[in-house]
Student: 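This is the structure I have questions about; it appears just below.
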There are 2 protein chains.
Amino acid sequence: MVLHHPAPEQFRLENVLTALGNPTRLAALRVLADCRQHPCGVVLQGYSKSTLTHHWRVLREAGVIWQEPAGREVLLRLRRDDLEARFPGLLDSVLNAAAADAEPA
Amino acid sequence: MVLHHPAPEQFRLENVLTALGNPTRLAALRVLADCRQHPCGVVLQGYSKSTLTHHWRVLREAGVIWQEPAGREVLLRLRRDDLEARFPGLLDSVLNAAAADAEPA
DNA sequence: GGGATTGTACGAGAACAGTCGTACAGAACG
DNA sequence: CGTTCTGTACGACTGTTCTCGTACAATCCC
């Protein structure tokens with residue numbers, strides 16, 4: 001189990017936008033927006049474990065989340081500070097947009 | 001030639017992020033950031049005409065650009081106001097991030 | 001009208017993304 | 001030590017995306 005996390009200077013905007021340009025991962029982002037730690041299994045419902053692993057990898061390799069093993073769980077946490085340093089304002093505007101998008105038009 | 005453009009209330013965040021989560025289309029966005037009209041053929045180099053048509057369709061159907069026939073050309077223009085109304089701050093932070101991403105680390 | 005220009009439409013192929021099931025690894029708990 | 005729990009690894013399948021070439025439509029210009 002390797003769990004490679006890119007350094008902030010390695011973040012690529014296209015990877016971040018691709019990672020967030022998916023309704024499943026966008027839903028996960030809204031859960032993780034509190035910047036607290038959440039076990040992998042409690043963030044999203046309705047998917048197999050292997051599907052969730054796939055989505056966490058996409059988010060992790062883009063630099064969006066941190067994955068830290070803790071006992072037999074793996075805790076997820078939003079990399080808000082690193083994202084803010086690299087792409088100022090981006091995360092907040094995406095979170096605001098996600099909230100706007102979720103409202104009834 | 002139909003050129004369907006969604007109304008702002010039909011914009012979906014996931015479509016916008018997916019449209020911009022591609023280096024080719026991100027490069028186009030930076031060219032279009034001046035909010036002036038550009039013929040399809042002058043915005044990007046190195047692609048076939050049919051590839052460009054594909055990318056313009058992705059951007060148009062996400063609500064990112066407007067495509068307006070003008071003589072034998074089709075002019076592209078960024079839908080900055082509509083995007084700003086629907087997802088405030090998003091476009092500017094993506095453009096800033098694209099500039100940051102393009103700098104030498 | 002005939003030719004050149006600009007771009008779309010369509011079909012094809014290669015690569016990638018999203019999903020799952022099964023198998024496995026590591027930690028916790030009896 | 002064996003079982004359970006949490007999550008990863010891998011392989012498979014399906015559908016989508018990206019790219020191109022060819023064909024076509026519309027416009028402009030001679």
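Letters A, B, ... are given to chains in the order of the sequence lines, protein chains preceding strands, and every chain is numbered from 1. Atom set for the values below is all heavy atoms of this structure, side chains included, hydrogens, waters and symmetry mates excluded.
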Student: Is the phosphate of D/dG7 approached by A/Q67 (side-chain N or O, under 4.0 Å from OP1 or OP2)?
Tutor: no
Student: From C/dT19, C/dG18, C/dT8, pick the nucleotide closest to the side chain of A/R25?
Tutor: C/dG18
Student: Heavy-atom distance under 4.5 Å between the side chains of A/T18 and B/N22, does that happen here?
Tutor: no
Student: Assess, by modelled atom type and distance only, whether the side chains of A/T53 and A/S50 contain a donor and an acceptor separated by less than 3.5 Å.
Tutor: no
Student: Quick check on D/dT8: is either OP1 or OP2 less than 4.0 Å from any side-chain nitrogen or oxygen of A/R72?
Tutor: no
Student: Students often mix this up, so state it plainly: with edges at 30° and 60°, are the rings of A/F11 and A/F87 parallel, tilted or perpendicular?
Tutor: tilted
Student: Any donor-acceptor pair under 3.5 Å joining the side chain of A/S50 to the base of C/dG21?
Tutor: yes
Student: Looking only at side-chain N and O atoms, does A/T51 come under 4.0 Å of OP1 or OP2 in C/dT19?
Tutor: no
Student: Name the residue closer to the 5' end of DNA chain C, choosing between A/A70 and A/K49 according to the nucleotide with the nearest heavy atom.
Tutor: A/K49
Student: Looking at A/N22, I'd like to know whether one of its side-chain N or O atoms comes within less than 4.0 Å of OP1 or OP2 on C/dA17.
Tutor: no
Student: Can you tell which of D/dT8, D/dT6, C/dT19 lies closest to the side chain of A/Y47?
Tutor: C/dT19
Student: Picking from C/dT19, D/dC5, C/dT8, which would you name as closest to the side chain of B/W56?
Tutor: C/dT8
Student: Can you find a side chain N or O atom of A/H54 that sits less than 4.0 Å from OP1 or OP2 on D/dT8?
Tutor: no
Student: Between C/dT19, D/dG7, C/dT8, which nucleotide has the shortest distance from any of its atoms to the side chain of A/T24?
Tutor: C/dT19
Student: So what does B/P69 touch, heavy atoms closer than 4.0 Å: a base, only the sugar-phosphate, or nothing?
Tutor: nothing
Student: Nearest to the side chain of B/S48, heavy atoms from C-beta on, is which of D/dA26, D/dG21, D/dG7?
Tutor: D/dG21
